[in-house]
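Before I ask anything, let me first share the structure, which is written out below as structure tokens.
The first residue in the sequence is number 1, and the count goes up from there. Just so it is clear, the model here is predicted, and its values are computed rather than measured.
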Amino acid sequence: MDSSLSAPLSMERFTDTSFILCTVCLACTLALYLLSKWWKERPQVKYIPFGQGEVLPVGTIVVDSLHPTCPTLTHHRGSTTPPSLKDDTSTGIVLNAIKAGHSILSSPPCTQVTCSHFDLDGLCSVWAIQHPTLALQYSDILRTAATIGDLRELHLAAPCAMSALRLNTWVNAIERGRFYRPYQTNDLQDGTSQKYSYFLPRLLGQLKMLTQQQEAGGLDRAWITALSQARQRQRDGR
């Protein structure tokens with residue numbers, strides 16, 4: 001073969017091989033990134049329905065509810081929640097336990113979590129148990145959202161106040177439109193588990209979006225201005 005032709009052909013093969021290797025490396029890097037992201041964001045604890053309050057599996061933590069045998073993390077009176085973790089909301093109590101590395105989460109190891117009803121405090125509590133690392137990352141929104149949802153209190157100076165309020169409106173709108181109004185029925189098998197199954201895998205996406213909007217600043221300022229003007233009109237009797 002003419003040596004003048006063999007050199008270009010060899011270079012072409014080298015270039016093709018390099019391109020394939022680079023493509024494979026990029027694909028592997030992307031796959032590892034997506035796998036690590038999924039691993040980080042996967043639920044570390046399984047949600048199970050509360051049922052009729054019967055005996056629950058060992059390793060179950062009950063949040064925002066009472067139970068005669070399982071460990072509880074709730075603000076309800078008469079619970080077995082450790083006094084050192086007390087807070088105004090169950091979400092706050094769960095976050096306190098995670099931050100403190102409390103033994104209630106590890107002895108025995110928590111493998112399931114449940115709640116007797118669905119509301120925002122219950123949702124945030126269950127999600128925080130499932131995603132302890134992420135829960136600490138979004139603790140301000142979760143704490144404030146639970147306070148708004150459970151205690152009907154909104155302090156404009158609270159961390160992430162408007163983001164927490166928007167989280168409430170998102171949950172309430174979907175709950176009423178897709179399911180039914182809160183506490184519309186007293187049946188414990190009324191779809192509570194279906195609500196958790198719907199909202200739990202979607203909550204992280206909302207938290208990410210709200211955080212991005214909060215960092216942008218515009219929406220929070222607009223909501224604060226609108227609420228302040230509404231309160232001023234109320235004080236003025238208009």
Notebook entry, point to check: Can you list the steps and then say if V45 with T111 is a side-chain contact (heavy atoms from CB on, under 4.5 Å)?
Noted result: CA-CA 5 Å; V45 174; T111 54; 5.7 Å; no

Next item on the list: Using the side chain to side chain contact (heavy atoms under 4.5 Å, CB included) rule, pick out the option among I61, V63, D64, V62 that qualifies with T74.
Entry: D64

Checklist line | Residues that T60 engages under side chain to side chain donor-acceptor pair (under 3.5 Å), provided they are two or more places apart | finding: Q112

Item checked: L120 side chain near D150 side chain, heavy-atom distance below 4.5 Å -> no

Checklist line | Candidate pair T69 and H67, rule side-chain contact (heavy atoms from CB on, under 4.5 Å), full reasoning | finding: CA-CA 6 Å; T69 58; H67 195 273; 3.1 Å; yes

Check: Would a 4.5 Å heavy-atom cut-off, applied to side chains only, mark F50 and H117 as touching?
Finding: no

Item checked: Any W170 side-chain heavy atom under 4.5 Å of L210 side chain -> no

Checklist line | Pair listing, side-chain hydrogen bond (donor to acceptor under 3.5 Å, both in side chains) test, anchored in residues 92-105, at least two apart | finding: D87-N96, N96-R143

Margin query: Do L204 and Q206 make a side-chain contact, defined as non-hydrogen atoms from C-beta onward lying under 4.5 Å apart?
Written below: no

Check: Is the backbone N or O of C160 less than 3.5 Å from a side-chain atom of D140, with the two atoms forming a donor-acceptor pair by type?
Finding: no

Margin query: Under the criterion side-chain contact (heavy atoms from CB on, under 4.5 Å), I'd like the reasoning laid out for Q213 against R166: C-alpha separation, chi angles, the key distance, then a yes or no.
Written below: CA-CA 11 Å; Q213 292 177 347; R166 288 200 296 275; 3.6 Å; yes

Item checked: Nearest non-hydrogen partners of A128 and V94, listed with the distance -> CB-CG1, 3.7 Å

Notebook entry, point to check: Would you say L136 and L203 are hydrophobically clustered, going by side-chain heavy atoms of ILVMFWY under 4.5 Å?
Noted result: yes

Margin query: Check for me, please, whether I174 and Y180 land in the same ILVMFWY cluster - side-chain distances under 4.5 Å, paths through other members count.
Written below: yes

Checklist line | From T144 atom OG1 to L165 atom CG, the distance as rounded to the nearest 0.5 Å | finding: 10.5 Å

Check: Where do P82 and I104 come nearest, in terms of heavy atoms and distance?
Finding: CD-CD1, 3.9 Å

Next item on the list: Calculate, to the nearest 0.5 Å, the distance between atoms OG1 and CD1 belonging to T133 and I98 respectively.
Entry: 8.5 Å

Checklist line | Value rounded to 0.5 Å, distance of OG in S163 from CE in M209 | finding: 9.0 Å

Margin query: What I'd like to find out is whether the side chain of E153 reaches to under 4.5 Å of the side chain of H155, using heavy atoms alone.
Written below: yes

Margin query: Quick check for you: to the nearest 0.5 Å, what is the distance between I148 atom CD1 and T169 atom OG1?
Written below: 9.5 Å

Checklist line | With T89 via side chain to side chain donor-acceptor pair (under 3.5 Å) - residues at least two apart | finding: none

Check: Between atom CG of L142 and atom CG of L167, what is the distance when rounded to the nearest 0.5 Å?
Finding: 7.5 Å

Check: At their closest point, which heavy atom of K46 faces which heavy atom of Q130, and how far apart are they?
Finding: C-NE2, 4.1 Å

Check: ring-ring contact (aromatic ring centres under 6.0 Å, His included) with Y196: which residues, sequence neighbours excluded?
Finding: Y47, F118

Item checked: Closest approach of F199 to V171 (non-hydrogen atoms, all atoms of both residues) -> CZ-O, 3.7 Å

Margin query: Are L56 and T114 packed together at the side-chain level, in the sense that at least one heavy-atom pair is separated by less than 4.5 angstrom?
Written below: yes

Next item on the list: Using the six-membered ring of F179, assess whether NZ or CZ of R176 lies under 6.0 Å from its centre and within 45 degrees of the ring axis.
Entry: no

Item checked: Contacts of T91 that satisfy side chain to side chain donor-acceptor pair (under 3.5 Å) - sequence neighbours left out -> D121, S125

Next item on the list: Quick one: list whatever passes side-chain contact (heavy atoms from CB on, under 4.5 Å) with P108, sequence neighbours left out.
Entry: V58

Notebook entry, point to check: How long is the span from the CG atom in L200 to the SG atom in C124, to the nearest 0.5 Å?
Noted result: 10.0 Å

Check: Which atom names give the shortest non-hydrogen contact between C110 and I129, and what distance separates them?
Finding: SG-CG2, 3.9 Å

Notebook entry, point to check: Between H76 and S65, which heavy-atom pair has the shortest distance, and what is it?
Noted result: ND1-N, 3.7 Å

Note to self: Going by side chain to side chain donor-acceptor pair (under 3.5 Å), name the residues that satisfy it together with S197, two or more places apart in sequence or in a different chain.
What the structure shows: none

Notebook entry, point to check: Are T147 and D88 close enough that some pair of their side-chain heavy atoms sits under 4.5 Å apart?
Noted result: no

Check: Are side-chain heavy atoms of Q137 and H131 found at a separation under 4.5 Å?
Finding: no

Check: Quick one: side-chain contact (heavy atoms from CB on, under 4.5 Å) partners of T211, sequence neighbours excluded?
Finding: Y138, I141, E215

